Amino acid sequence: MNEDRRNALKIMLTLPVVGVLGFGVFKKVSKEIALRKKRNLFTFENKPKLPESVVGKQIRLGIIGFGIRGKQLMQGLGFAEPRWIDELAEKSKTDPNDTRLQLFLEQDDLNVVVNGVCDIFDPYGEAAVEAGANIHREGRNGTPGKAPVRYRTYRELIAADDIDAVIIAAPDHWHGQMAIDAALAGKHVYVEKPFSWTVPETYRIRETVQKTGIVFQLGHQGRQTDSYIRAKEIIDRGLLGKVNLIEVCTNRNTPNGAWVYPIIEDSSPHTIDWKEFEGPVEQIKEYQTYMKAQKLDRFMGPEPRDRFSLERFFRWRCWWDYSTGLSGDLLTHEYDAMNQILDVGIPDSVASSGGVYVFNDGRTVPDVLHTVMEFKEKELTMLYTATLGNGRPRGKVVMGRDASLEISNTLLMTADPESLLYEAQIKEGVIKTDEPFYSYIPGSNKVDAVTSATELYFAQRGLLYTYVEGKRYDTTHLHLREWLYCIRNQQTPSCSIDAAFEEAIAAHMGTRAYLEGRTMYWDKDNEEIVRG
């Protein structure tokens, strides 16, 4: 390879991907630089920016649910249990690459106060109070601030006058009713994914949010991931050519990854309010009626809902009685990322298959799932595959006529051997088709501590952290920050009610296709799921 070509390739690999266009401009490096300055192609147009969420009135929060995700959301707000602080401090002493405590302590103050918490499991409720009072982010030897009120039911919490907004991290079957009740009480709502448990409540939540005018954010923190924002610009610029196929997946191979969570010590009917856990009566009846009408009773599980069960309480994701399964719990992450990047909207049709092939532990939701979504107007198909019995990483791949883009918390773009867009560069040997010709690795000069297979799984998907202006941020912190900014400035968040509705309908189409064993279609005119 001659010197001009070496220089050209070096520039292409260090500049934005638009740098691969037109080999002729690479013959003289000075001309190449001048051309790029003229066209303003040195930088991406859509740089992530931090909203000034701390500016304005302090927002008074209520937290509903303090399990795994609830703790992470509290940490994203800047509140954590003192013992968690101490644990990270000890780990940082033995592992210099474990900077999680430092990053948490440096996290921006969002100018919020936690005035109320609610969890129906006593140890979680008490831990939430400790976290909410830990206003100085200290360990167990610190001085706590005013403790938030612990409410026994979410209804009491949303009725409180000193709460402006609520964060909902309860099990799936409670998301919809809690969001509706909170909105009707005039509280702004941040609810974890999935948006809804049943199809009918999906419409009710949207109607309520639109009617009340509250600021709503669905908890897809991937909306804040820098690589997703850059991937959208790459695709919008046509650098992949005509996109026609998307492959996404969820592969995990640990009990924790399959929702077999540990049963917490001191859990019993005395420390768990089982009646509150069961769910809204009318919603349960609605769900049971539908399942029976479709002769799908076998998916409802052998145990009555009112029978106390520690397995069901801590591992509720394994049963349709409370869960939305792989489609609602994990497919929604992948779908929302693609909807963010490609604006695919609700699929025209969805087909699913799979079963319980690995964890024969009494669960009713599948641990292996294959879902195909067709988007006719976009002229593309999205394939989703999932197994909870193999951890092979496969990531997200968007395929176009000219190149493919692998998307995680990094980006890798590889030209297609038959590309017309890059034909000249391929012939000249500037671009090879058996390796990426463009990569984007934010924070590549930093070592990021990941302490478990589950953390690695979410980190690779851009769901734990991202980089803004060279600084690492927790994506949950950024997503909450955006919501708070929108509350203060009467704006619309990135994962608003419209995006949430699309997520829910897409997921429900996948679930119903699996349960009923037939393709589901979307009637756009009537906004209705119809059977094939």
Side-chain angles (χ1 to χ4, degrees), residues 48-51 53-54 59 61-81 84-85 88 99-112 114 117 124 127-128 131-132 134 137 165-170 175 188-195 215-229 329-330 332-334 336-337 340 408-409 442-443 448-452 454-468 471-487 493-496 499-500 503:
K49 297 179 181 179
L50 292 177
S53 65
V54 299
I59 295 176
L61 297 174
I63 312 297
I64 304 173
F66 199 65
I68 296 171
R69 187 58 183 154
K71 295 177 191 295
Q72 294 168 350
L73 287 161
M74 279 275 255
Q75 291 159 14
L77 291 167
F79 301 89
E81 297 165 77
W84 183 80
I85 300 287
L88 289 192
T99 59
R100 289 175 296 166
L101 178 58
Q102 176 187 345
L103 291 168
F104 174 73
L105 295 177
E106 292 175 353
Q107 189 171 277
D108 294 336
D109 183 342
L110 297 181
N111 191 19
V112 297
V114 178
V117 298
Y124 284 179
N134 191 13
R137 309 184 191 186
V166 299
I167 294 172
I168 300 169
H175 285 190
H188 302 291
V189 174
Y190 181 109
V191 63
E192 263 307 306
K193 58 84 196 159
F195 179 60
V215 176
F216 179 94
Q217 176 90 300
L218 185 63
H220 281 297
Q221 70 273 18
R223 292 266 170 172
Q224 310 301 323
T225 302
D226 184 28
S227 60
Y228 292 4
I229 297 168
D329 191 75
L330 297 176
T332 52
H333 276 305
E334 311 305 321
D336 189 72
Q340 173 188 352
S408 60
N409 60 336
D448 299 319
V450 175
T451 61
S452 70
T454 302
E455 281 192 2
L456 177 63
Y457 167 84
F458 285 109
Q460 289 172 336
R461 284 156 175 77
L463 297 174
L464 285 186
Y465 56 82
T466 191
Y467 289 85
V468 180
K471 182 179 178 181
R472 178 177 163 180
Y473 284 91
D474 173 7
T475 50
T476 296
H477 167 78
L478 294 181
H479 207 47
L480 289 162
R481 182 187 185 120
E482 181 193 72
W483 173 60
L484 296 167
Y485 173 84
C486 291
I487 291 173
S494 59
C495 206
S496 65
E503 179 251 62

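Along the sequence shown, residues are numbered consecutively beginning with 1. Keep in mind it's a predicted model, so treat the numbers as computed, not measured.
Between Asp336 and Lys193, none of the side-chain N atoms (NZ, or NE/NH1/NH2) sits under 4.0 Å from a carboxylate O, so this pair counts as no salt bridge.
Looking at Ile168 and Tyr190, their side chains never come closer than 4.5 Å, going by heavy atoms from C-beta outward. Counting only heavy atoms from C-beta outward, the side chains of Ile85 and Asn134 approach each other to under 4.5 Å. A heavy-atom distance below 4.5 Å is found between the side chains of Ile487 and Ile59.
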Test log, rule side chain to side chain contact (heavy atoms under 4.5 Å, CB included), inputs Val215 and Val189: CA-CA 6 Å; Val215 176; Val189 174; over 6 Å; no
Can His188 and Cys486 be said to form a side chain to side chain contact (heavy atoms under 4.5 Å, CB included), step by step? CA-CA 10 Å; His188 302 291; Cys486 291; over 6 Å; no
Carefully, step by step, assess Glu81 and Phe66 under the rule side chain to side chain contact (heavy atoms under 4.5 Å, CB included). CA-CA 11 Å; Glu81 297 165 77; Phe66 199 65; 3.7 Å; yes
Can you list the steps and then say if Ile167 with Trp483 is a side chain to side chain contact (heavy atoms under 4.5 Å, CB included)? CA-CA 11 Å; Ile167 294 172; Trp483 173 60; 3.8 Å; yes
Assess the residue pair Phe79 and Phe104 against the criterion (ring pair (Phe, Tyr, Trp, His ring centres under 6.0 Å)); give the C-alpha distance rounded to whole Å, side-chain angles, the decisive distance to 0.1 Å, and a yes or no. CA-CA 9 Å; Phe79 301 89; Phe104 174 73; 8.9 Å; no
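With rounding to the nearest 0.5 angstrom, the OG1 atom of Thr466 is 13.0 Å from the NE2 atom of His479. Taken to the nearest 0.5 Å, the CH2 atom of Trp84 stands 11.0 Å off from the NZ atom of Lys71. Atom CE in Met74 sits 7.5 Å away from atom CG in Leu77 (nearest 0.5 Å). Separation of atoms OG1 (Thr475) and CD (Gln221) is listed at 4.5 Å; rounding is to 0.5 Å. Interatomic distance, Leu101 CG to Thr99 OG1, rounded to the nearest 0.5 Å: 9.5 Å. Note: Glu503 CD to Phe195 CZ = 8.5 Å, rounded to the nearest 0.5 Å.
Taking both residues in full, the closest heavy atoms of Gly76 and Asp474 are given as CA-OD2, 3.9 Å, listed atom of the first, atom of the second, then distance. Asp109 approaches Asn111 most closely through the heavy-atom pair OD1-N, 2.8 Å. Nearest heavy-atom pair across Asp108 and His477 is O-CE1, 3.6 Å. For the pair Pro194 and Leu218, the tightest heavy-atom approach, listed with the atom from each and the gap, is C-CD1, 4.3 Å. Across all non-hydrogen atoms, the minimal contact from Leu73 to Ala169 is CD1-CB, 3.8 Å. The two residues Tyr485 and Pro51 have their closest heavy-atom pair at CG-CB, 3.5 Å.
Of the options Arg69, Gln75, Arg481, a side-chain hydrogen bond (donor to acceptor under 3.5 Å, both in side chains) to Thr476 is made by Arg69 and by none of the others. With Ser494 as the fixed residue, the side-chain hydrogen bond (donor to acceptor under 3.5 Å, both in side chains) test singles out one of Arg223, His220, Glu482, Gln340: Glu482.
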